[in-house]
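In this chain, numbering begins with 1 at the start of the sequence shown. Indexing begins at 1, ligand by ligand and atom by atom, following the structure's order. Model, not experiment: these values are computed from the prediction.
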Amino acid sequence: MAFEPKREEKALKYEELRIYTDEELKNYSEEELKNFKIKHETPALDELEKGPWPSFVADAKREALHRKKLDADRMMTDKDAVDDLLGQLQLSFDHGETHWKHGGIVGVFGYGGGIIGRYSDVPEKFPAVAHFHTIRVNQPASKFYNTDYLRSLCDLWEYRGSGLMNLHGSTGDIILLGTTTEQLEPIFKDLTHVMDTDLGGSGSNLRTPSCCIGKARCEWSCYDTQAMCYELTQYYQDELHRPAFPYKFKFKFDGCPNGCVASIARSDMSFIGTWKDEIRIDQEAVKAYMAGDIVPNGGAHKGRDWGKFDIRKEVINLCPTKCMSLEDGTLKIDNENCTRCMHCINVMPRALKPGLDTGVSILFGAKAPILEGAQMATLTIPFMKVEPPYDNLKELIEKVWEFWMEEGKNRERLGELIQRFGLPKFLEAIGVPPAPQMVRAPRSNPYIFWKEEDVPGGWDRKIEDYRKIHKR
Ligand code: HEM
Ligand code: HEM
Ligand code: SF4
Ligand code: SF4
């Protein structure tokens, strides 16, 4: 079933939505900031204001000062939230231990996830962070924003939260860091009614999908990662908001094997763009690279003298399958033996391009170590065409979920289920025949299971028949 036509995107105008005036937003001077001290002594954190990298401590203090000078009735949460957060963090530095209580279950009606509840275990010392819940907000694909959107979001968060954010959480969400339980529903209402924005995922559900920058700004993208990410996010909203799975499940979309969103390591179902036909070669540009007229790797190694570009040393001899050659100054690629590793394209982006018959490889089962050890995703669908509305993909996804939702044990990731059941059972469940590309090497042990129907005579044998030929 195809996704219903999309609603037109709501155009947000900060001037119409703003909560704070310019004066309220620029309510302190550089001089005040220099002399500003937060409520608590934070000697260890102060050390982290030194050095060249942008300091989270300096940023947080600036926010603390801003809140201090804002009228108390212009915020729905404690104006000392940032001070107390830094105070508690200093205490954790002193103790070498966290000061958040275990767990926390909060949320908004209608949804089973999206908000991570948190309570301080020293609330009498740091009352402004007694509640300090995190809200996951679904980010736009590839995280392109306009300032109207971000400023509106910032105003909302200043008003109803701590003013602190994480841009972005590792899964992709915008993270609103720290508010009280009472503010959750009002924030959700403002997000949906005003900002036209939904929560992201948390819990045993489909988490917020994310994608590389894709066709928006990358010449190597083999499919529209953003469109696919958006479409599947919309289509599976129910699975995202209301946990129905044995455990968490993540989608990530990489436009090519370079893996800029690390789907192979950080998603249960990893989509990686690739092509089936030939690498497109512009021989003139190849010559220009060899002549030194174009800098290799888009200039990525300019910071050091690596000598003159040597196409044999840097490309041909580094090709993992040794399928490239140079004949009379013409670059040849034996595409049948190319594994689409991207190396040559990465080195000579102006001369080489992915082919035109593009699609995705689909890999399953990546996860972090707990319980059974870390896994990267394993190749299961070597190639699939992907075009909106992605019906073939949705069909596959639903077969995978049906299998895992039925067979998966409590808190068992898909990767562990595949390990427990074996790849053949997984392939059977999703209706994909086994292929040599699915393994790096054939098994070395001989513990091979056979299906009874594949063995002449089956498993039912009578010992008497055996004894007729073999004496005891
Ligand atoms: C003619 C005599 C025997 C034959 C042909 C025989 C054959 C086998 C075979 C084919 C295996 C399976 C190997 C594997 O799957 O890795 C095995 C395993 C084993 N056998 Fe025997 N066996 C004999 C006698 C014995 C005796 C007398 C004992 C003990 C008193 C014994 C103890 C074991 C054990 C413990 C294993 C399991 C080893 C493991 O799991 O690593 N076997 N044997
Ligand atoms: C309290 C006594 C015993 C305990 C706790 C015990 C425990 C085990 C365990 C945990 C395994 C491995 C199972 C697996 O790999 O899934 C095993 C395998 C085995 N045991 Fe025992 N065992 C005991 C006694 C015996 C005795 C007395 C014999 C033989 C006389 C024996 C023969 C074997 C054999 C042949 C295997 C290998 C089976 C296979 O590889 O499929 N065991 N045992
Ligand atoms: S994964 Fe590939 S297509 Fe996506 S941004 Fe990175 S290089 Fe470009
Ligand atoms: S993409 Fe990789 S395998 Fe293919 S020709 Fe280039 S370097 Fe060789």
* Asked: Can we call the ring centroids of Trp401 and Tyr236 under 6.0 Å apart?
  ->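 Between Trp401 and Tyr236, the centre distance is under 6.0 Å.
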
* Can we call the ring centroids of Tyr111 and Phe188 under 6.0 Å apart? ->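 Tyr111 vs Phe188: aromatic centres under 6.0 Å.
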
* Of the side chain and backbone of Met342, name the one, both, or neither that has a heavy atom under 4.0 Å from an atom of ligand 4. =>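 Looking at Met342 and ligand 4, just backbone atoms fall under 4.0 Å.
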
Sub-4.0 Å atoms of ligand 3 with respect to non-hydrogen atoms of [X]:
X      : value
Gly259 : 1 (S)
Trp220 : 3 (S), 7 (S)
Ile213 : 5 (S)
Asn258 : 7 (S)

Considering heavy atoms of the protein only, find what lies nearest to [atom] and give residue, atom and distance to 0.1 Å.
atom                    : result
atom 2 (Fe) of ligand 3 : Cys256 SG, 2.3 Å
atom 4 (Fe) of ligand 3 : Cys212 SG, 2.3 Å
atom 3 (S) of ligand 4  : Thr339 N, 3.5 Å
atom 8 (Fe) of ligand 4 : Cys319 SG, 2.3 Å
atom 5 (S) of ligand 4  : Cys323 SG, 3.6 Å
atom 6 (Fe) of ligand 3 : Cys260 SG, 2.3 Å

Over 12 foreign heavy atoms within 6.0 Å of [atom1], [X]:
X      : atom1 : answer
Arg280 : CZ    : yes
Glu387 : CD    : no
Lys313 : NZ    : no
Arg443 : CZ    : yes

* Look at Cys218 and state whether any of its N, O or S atoms is less than 2.8 Å from atom 8 (Fe) of ligand 3. =>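 Yes, within the cut-off.
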
If you measure only the distance, is there a donor-acceptor pair under 3.5 Å linking the side chains of [X] and [Y]?
X      : Y      : answer
Glu158 : His66  : yes
Ser263 : Asp254 : yes
Gln283 : Thr330 : no
Thr77  : Arg67  : yes

Need the ligand 4 atom indices (1-based, order shown) with element for anything under 4.0 Å from a heavy-atom of [X].
X      : answer
Cys341 : 1 (S), 2 (Fe), 3 (S), 7 (S)
Cys344 : 1 (S), 5 (S), 6 (Fe), 7 (S)
Met324 : 5 (S)

